[in-house]
Amino acid sequence: MISPRQFFTEKLLEWNRETNTRNMPWKGEKNPYRIWLSEIILQQTRVEQGWPYYERFIQHYPTVKKLAAAPDEEVFRLWQGLGYYARCKNMLAAAREITATYQGKFPDQYEQIKALKGIGSYTAAAIASFAFNLPYAVLDGNVFRVLSRYFGIETPIDSTAGKKQFGTLAQELLPQSLSAEYNQSIMDFGAVVCKPQQPLCGECVLRKKCVALHEQLVPHLPVKTKKLLIKKRYFNYLLVHYKEDIYIRKRTDSDIWQNLHEFVLIETAGPSDITALQSSGAIDPILGKTPFEIDRVSAPFKQQLTHQTIHSQFISITVKKAPAIPGYTLVPRSSLNNYAFPKTITTFLESNHLQLF
DNA sequence: AAGTCGGGGAC
DNA sequence: GTCCCAGACTT
């Protein structure tokens, strides 16, 4: 009698060879730089969303040295719209580390790979196995889901105990000589068959021994404990025009959108308008006594983030003298396409055809 | 151990 | 609205 574990591994590999038709530009790739780039882009990101970004980055930066030599702002512009911008910053740091320390040759040992910025246990295992055939099992959202269902494990995957338990199991299941193929198989299987919603249990090659299916636990697995708390925030953006220039700054606080740019921000606890902003004295510390003229006020914009709902509006004003606004700099409006902005701002800009009112 | 970091697609 | 995606880092 074949054990559940052996059944699992063999059926998975068989499914990959005979049934799996999932195709991606980096599949079968052996160039560690390309594998790394795809893994960074795809962290918490759907394949369909990351795909065009991957193509663009490979075109602009065919080697890690090219990426390392690129100006920060240019790279952030390419990353614009993809989210989780710390990935971009860490990616650049890693590219420069690889260039400086390893002469541009991607390190081929797990510990060296994992020591690079932005590379955690998942990405290190992915690079180690795909590029170098090292026996490290990947543990991502797909793997958690497939393992928890097939083995009927109810330990929360977002707990320390869960990560340890699933990590140990995943490593034990890995066929050491087939790490690349196996890792690819289990992730594709989780994405195509053992999906989060409406998994294809009817045609699943593991169904005979799937604990969750037999105990009707499929919709309840995997278990997560943390619940999401979503805050509402209200951003009032002043588009302060001086001649052909406008004020912007780079966000640096420990907050969302680090390293992206924005216009003059007044955050309020609730919905506000220009009259309320003036009477509350919120504008004084920014413009001082500089007289200004209100040109136009935009419709409200809403953007849903994982932990926050951002309500924003854009207020266009003109000044005849250029005040010193702390933290902000004047740049030509025509140069705005050289800077990376958050989605809510690019959406606003595009809705106005870059006319800024 | 818990919080936080984007944007988008499926339901 | 909800969930979650080829996770990692900070506090």
Side-chain angles (χ1 to χ4, degrees), chain A residues 22 24-27 29 35-54 76 79-91 93-94 113-130 136-146 156-164 166-167 170 180 183-192 194-199 219-231 233 251 253-260 302-310 340-347:
Chain A
R22 199 183 193 204
M24 294 167 301
W26 47 83
K27 203 160 174 176
E29 179 65 63
I35 293 169
W36 166 67
L37 188 57
S38 72
E39 296 299 344
I40 299 299
I41 288 176
L42 267 60
Q43 286 168 4
Q44 290 294 286
T45 304
R46 294 178 183 280
V47 167
E48 306 77 54
Q49 186 185 2
W51 189 321
Y53 283 85
Y54 172 79
F76 273 96
W79 194 276
Q80 175 177 275
L82 194 54
Y84 282 168
Y85 297 92
R87 288 184 291 170
C88 185
K89 180 184 179 183
N90 290 332
M91 176 184 72
I113 296 169
K114 191 175 180 301
L116 295 167
K117 299 281 188 193
I119 297 183
S121 55
Y122 163 77
T123 304
I127 298 171
S129 63
F130 292 147
Y136 291 89
V138 293
L139 190 55
D140 75 332
N142 293 303
V143 178
F144 275 120
R145 187 171 55 255
V146 172
I157 62 172
D158 55 358
S159 65
T160 302
K163 286 168 190 164
K164 184 178 178 185
F166 283 96
N183 279 338
Q184 189 65 59
S185 300
I186 191 169
M187 287 195 288
D188 282 352
F189 186 81
V192 175
C194 199
K195 302 182 291 183
Q197 276 94 26
Q198 299 177 18
H220 301 104
L221 293 176
V223 174
K224 282 191 180 181
T225 58
K226 291 167 188 150
K227 46 183 177 277
L228 207 55
L229 197 65
I230 300 179
K231 301 168 193 164
R233 299 177 72 179
R251 290 178 64 88
D253 297 344
S254 55
D255 196 355
I256 57 173
W257 299 332
Q258 271 188 63
N259 292 296
L260 299 196
K302 190 174 91 167
Q303 186 184 11
Q304 187 62 53
L305 307 184
T306 300
H307 294 271
Q308 308 180 17
T309 305
I310 309 292
F341 292 96
K343 181 68 176 174
T344 197
I345 292 182
T346 58
T347 299

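Lettering of chains follows the sequences in order, A, B, ..., and the numbering in each one begins at 1.
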[X] has an atom [atom1]; how far is it from atom [atom2] of [N], in whole Å?
{"X": "A:Tyr53", "N": "C:dA6", "atom1": "OH", "atom2": "P", "answer": "17 Å"}
{"X": "A:Met187", "N": "C:dC4", "atom1": "CE", "atom2": "P", "answer": "19 Å"}
{"X": "A:Phe166", "N": "C:dG7", "atom1": "CZ", "atom2": "P", "answer": "15 Å"}
{"X": "A:Leu42", "N": "C:dA8", "atom1": "CG", "atom2": "P", "answer": "12 Å"}
{"X": "A:Lys27", "N": "C:dA6", "atom1": "NZ", "atom2": "P", "answer": "12 Å"}
{"X": "A:Met91", "N": "C:dA6", "atom1": "CE", "atom2": "P", "answer": "19 Å"}
{"X": "A:Arg145", "N": "C:dA6", "atom1": "CZ", "atom2": "P", "answer": "8 Å"}
{"X": "A:Asp158", "N": "C:dC5", "atom1": "CG", "atom2": "P", "answer": "12 Å"}

Non-neighbouring partners of A:Ser129 that pass side-chain hydrogen bond (donor to acceptor under 3.5 Å, both in side chains), sequence neighbours left out
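A:Ser129 satisfies side-chain hydrogen bond (donor to acceptor under 3.5 Å, both in side chains) with A:Asn183 once adjacent residues are dropped.
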Could you tell me which residues satisfy side-chain hydrogen bond (donor to acceptor under 3.5 Å, both in side chains) with A:Arg87, sequence neighbours excluded, listed by chain and number?
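Applying side-chain hydrogen bond (donor to acceptor under 3.5 Å, both in side chains) to A:Arg87 gives A:Thr45.
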Using the test ring-ring contact (aromatic ring centres under 6.0 Å, His included), find all partners of [X] that sit at least two apart in sequence or belong to another chain.
{"X": "A:Phe130", "value": "none"}
{"X": "A:Trp51", "value": "none"}
{"X": "A:Phe166", "value": "A:Phe144"}

Over all strands shown, is [X] touching base, sugar-phosphate only, or nothing at heavy-atom distances under 4.0 angstrom?
{"X": "A:Asn183", "answer": "nothing"}
{"X": "A:Trp36", "answer": "nothing"}
{"X": "A:Gln184", "answer": "base"}

Identify each donor-acceptor pair in which a side-chain atom of residues 117-127 of chain A lies under 3.5 Å from a protein atom, sequence neighbours left out, and give them as a table.
unit_1   : atom_1 : unit_2  : atom_2 : d
A:Tyr122 : OH     : A:Glu39 : OE1    : 2.8
A:Thr123 : OG1    : A:Gln43 : NE2    : 3.0

Quick tally for nucleotides 4-11 of chain B: nucleotides whose base has a protein heavy atom under 4.0 Å get B, sugar-phosphate-only ones S, the rest -, giving BBBBBB-S
Could you identify which residues of residues 117-124 of chain A place a heavy atom less than 4.0 Å from some atom of DNA chain C, listed by residue number, or say none?
A:Lys117, A:Gly118, A:Ile119, A:Gly120, A:Ser121, A:Tyr122, A:Thr123
B:dG6 and C:dT11, which share atom name P, separated by this distance in whole Å
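About 15 Å, rounded to a whole number of Å.
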Which whole number of Å gives the distance between the P atom of C:dA6 and that of B:dT4?
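Result for the P pair: 24 Å, nearest Å.
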Please compare A:Lys224 and A:Leu139 by the position of their nearest nucleotide in DNA chain C and report the one closer to 5'.
A:Lys224
Salt bridge (Lys or Arg N to Asp or Glu O under 4.0 Å) filter on A:Arg22, not counting sequence neighbours, yields A:Asp188
Does atom NZ of A:Lys164 have more than 12 heavy-atom neighbours from other groups under 6.0 Å away?
no
Find the distance between CD1 (A:Ile345) and CG (A:Leu260) and round it off to the nearest 0.5 Å.
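A:Ile345 atom CD1 to A:Leu260 atom CG measures 8.5 Å (nearest 0.5 Å).
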Let's see if you can work this out: which of C:dC9, C:dC5, B:dA1 has an atom nearest to the side-chain heavy atoms of A:Thr160?
B:dA1
Does A:Tyr85 reach the main-chain N or O of A:Gln80 with its side chain, forming a donor-acceptor pair under 3.5 Å?
no
